[in-house]
Structures are given as structure tokens and as C-alpha cells.
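Written below as C-alpha cells is the structure these notes are about.
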Amino acid sequence: MNWEEKVRKVVPYVPGEQPTGSGIVKLNTNENPYPPAPGVADALRSMANDYDEMRRYPDPDAASLTQALADHYGVKEDQVFVGVGSDDVLAMSFLTFFDSDKPLLFPDITYSFYEVWAKLFRIPHKKMPLRCDFTIDPEAYLEPNGGVIIANPNAPTSIYLDLDSIEKIVAGNPDSVVIIDEAYIDFGGKSALPLINKYENLLVVQTFSKSRSLAGARIGMAFGSAKIISYLKDVKFSFNSYTMSQDAIRIGAAVASLSDESYFSDVTNRIVKTREEAVERFKALGFSVLPSATNFLFVSHSDRNASDIYNALKEKNIYVRYFNSPRIDNHLRITIGTPEEMEKLYNALQEVLK
Ligand code: PMP
């Protein structure tokens, strides 16, 4: 009767709702409102022709995808690791690199999965308070630690930390692994990727889910020194040899090798333009808006409760993200949609705020 005592008990991460149905404006999970590059449709068609290949296990090294990423980002193949979305890459990285009695450091307001993994893997951790304006204080990450993880730009704050500050944190922690989670880097900031050739202890994690419109394909990647990547692979291959499905490998390789960079920059530019317009529209509606380098805004209203706005929007079939957590329980995280979706949001907000 005591079997439950022996169960590993965790409080899981709760992702944003995925409502189905027509007429929904979905601005709650930072998905890209535009379709993926045309190469994805070609890859899917060729997969339909080759469906017999599904009898086989996929390539455990996902070499075609790794090679395409190495070529695309100008790094060596042994500096690339791929996984089932960056969540998988990050979880494997926590398991691999954070095995110390000293605490793993991350901001008190950041991607809430970090704390879930730290608890799951029983990694001691310490939340470092963001400043009052929600920016990261780089100096705080120089105290003794068992590792550092920083989302840059940070989420849900949307704020970007300059590359010099990131380098200070990496250089100041030669005895720890520093992970920079760049899920949103393509919408504004400068990537820390070039620093992987300078610092052996740096791991840069990115994803196809946001800027490349492929959240459904589950493709994430990490870049680092050959040594750091080899440690990550050892743990991954001690866990599951075949993490990437054959179709994800093919879709990812198609997109990464695609010379269709103009499609990619067109989509990200469009989102950035809509974001800049959105900042003004939100301010006109009485919201304060944090400076965003991402595909979402983090806003709060001086007179109206964020949870009330969230619920009122939901009744109108408009989904945004609300976090009932300390310091941010009067904020909303709103993904940038198409201009048409944003117009529906502004109209709804006008009614809600009346
Ligand atoms: N990091 C951050 C900061 C995120 O917001 C997300 C998206 N929820 C992820 C990582 C994971 O994204 P994915 O697993 O789709 O690559």
C-alpha cells in the first residue's frame, strides 16, 4: 500500500492552452502566425512518396539535419546537437551539465520550465531577482554556482540582454556551464553563437518553433564546443537513441538547407513591424509595455486587473497568456499575430476596457 511513497512526485510545467475550433484568435503560445517556408511542403510531399522508409529507425545522429545546421550557421558538425524541440534539448542539458552541490542560477522571472527541470532532476537552484525594470543584472551571476541558464531575450519579459553582458557572464564562470536559451533571438537580438569558439563552457540553444514557424515539428538545437556537445550526446544516447522522428529530421534538414533566407527574413520582418505598431496601440489603450526583442509583448494596465482582461478576452475567443506568479500577476504576455488578428485584439480590448 506504500507504493506511492516511492513515486517521483513533480509539479509539471503547464503549457498555454491549445484551443481548437473556428474563429479563435490564438496569441498565447508565441507561435508564428505565418506558414513555414515552402521547402516544408516539398519535404512533406517527398515523405508521402517514401512512406515505406517509416519501417526503419531514424538516423540516431540525425546527420542530414546536423549537417544542414552546421552549414547554415557556419560551425562544425560536432558543434551541433539536435532534439525534439528546444525543451528536449534543454532538459537533456540540465541532466548533463548541472550535477553540482552548488546552485544553478537563473532569473526569478523567466521560462518557468527551468524550475520544473531543476526540481525533476533534483538540481539545487537559486532564483536571481530581476531588477525593478525586469532587466537582468549580469553581475549577479558571478557568485559561486553550479551552472547558469539565461533566456535571451528573456521570457515572458521579452527583454534582450546585450551580448557584452552575456559574454561577461560566460567569461566570469569558467568552472560552470552557461546555457543561453535563444528561443526568440531571431526577432531582435544578437546571438551568442559566435562565442562558442571562444568559450568551451557555453551552450547556445535555439529552436525552429518560433521564427521558423515549426512548433508542430518539434525541432530544437544546441551549439557549443565539440567537448560540451559530446557530453550532451553521451547523456542523450543513455536515454533514447532515436529522439528525432524521421519526418522531423527531413523537415528540419529541408528548412535549414533551404536557400530561402528571404522567406525567413520576410516573415520575421513582418512580425517585428506588427510588434512595433502594437507597442503604440497598446500604449494608446493605457497599457505599459516592456521593450520587446521577441515575437510577443509583456504588458500591464494601470486601472485594470490582468486576470480580468485575460478572462474577458477569452470569452471573446481571444487567447493570451496570464501567469499567476509573484511580480508578474498583473501582466499579460501577448503573442504578435497577423495585423488582422491584432486588429481583432485591439477592438476587443477597447470593449473590455470600457
Ligand atoms: N525556451 C523558451 C524561453 C521558450 O519560451 C520556449 C517555448 N515555450 C522554449 C524554450 C521551448 O520551445 P520549443 O520546445 O518549442 O523549441
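Remember, it's 1-based here, ligands and their atoms both numbered in the order they're listed. Atoms considered below: every heavy atom in the structure, side chains included; atoms not considered: hydrogens, waters and symmetry mates.
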Legend entry - salt_bridge(D164, K168) N-O dist < 4.0 Å: no
Inset, instruction - Kindly confirm or rule out an N or O of Y111 lying under 3.5 angstrom from an N or O of ligand 1. - result: yes
Inset, instruction - Could you tell me whether the side chains of K210 and T207 share a donor-acceptor contact shorter than 3.5 Å? - result: no
Inset, instruction - Could you tell me if any non-hydrogen atom of Y184 lies under 4.0 Å from any atom of ligand 1? - result: yes
Legend entry - Residue, atom name and distance, where the atom is the protein heavy atom closest to atom 11 (C) of ligand 1: D87 OD1, 3.1 Å
Legend entry - Identity and distance of the protein heavy atom lying nearest atom 3 (C) of ligand 1: D181 OD2, 3.4 Å
Legend entry - More than 12 heavy atoms of other groups within 6.0 Å of Q18 CD: yes
Legend entry - atom 12 (O) of ligand 1: nearest protein contact (heavy atom, Å): S86 OG, 3.3 Å
Inset, instruction - Mark up the atoms of ligand 1 that fall under 4.0 Å of a heavy atom belonging to G85, in ascending order. - result: 14 (O), 16 (O)
Legend entry - Ion pair R281/E343, N-O distance below 4.0 Å: yes
Inset, instruction - Quick one: look up the protein heavy atom nearest atom 15 (O) of ligand 1 and list residue, atom name and how far away it is. - result: S209 OG, 2.6 Å
Inset, instruction - Describe, in one word, how the ring planes of H331 and F298 are oriented to each other, choosing from parallel (under 30°), tilted (30 to 60°) and perpendicular (over 60°). - result: parallel
Inset, instruction - May I ask you to say whether K344 pairs ionically with E340, meaning some side-chain N is under 4.0 Å from a carboxylate O? - result: no
Inset, instruction - Please report which non-hydrogen protein atom sits nearest to atom 7 (C) of ligand 1, along with the residue it belongs to and the distance in Å to one decimal place. - result: K210 NZ, 3.1 Å
Legend entry - Salt bridge present between R45 and D42 (N-O < 4.0 angstrom): yes
Legend entry - Sub-3.5 Å N/O-N/O distance, R218 and ligand 1: yes
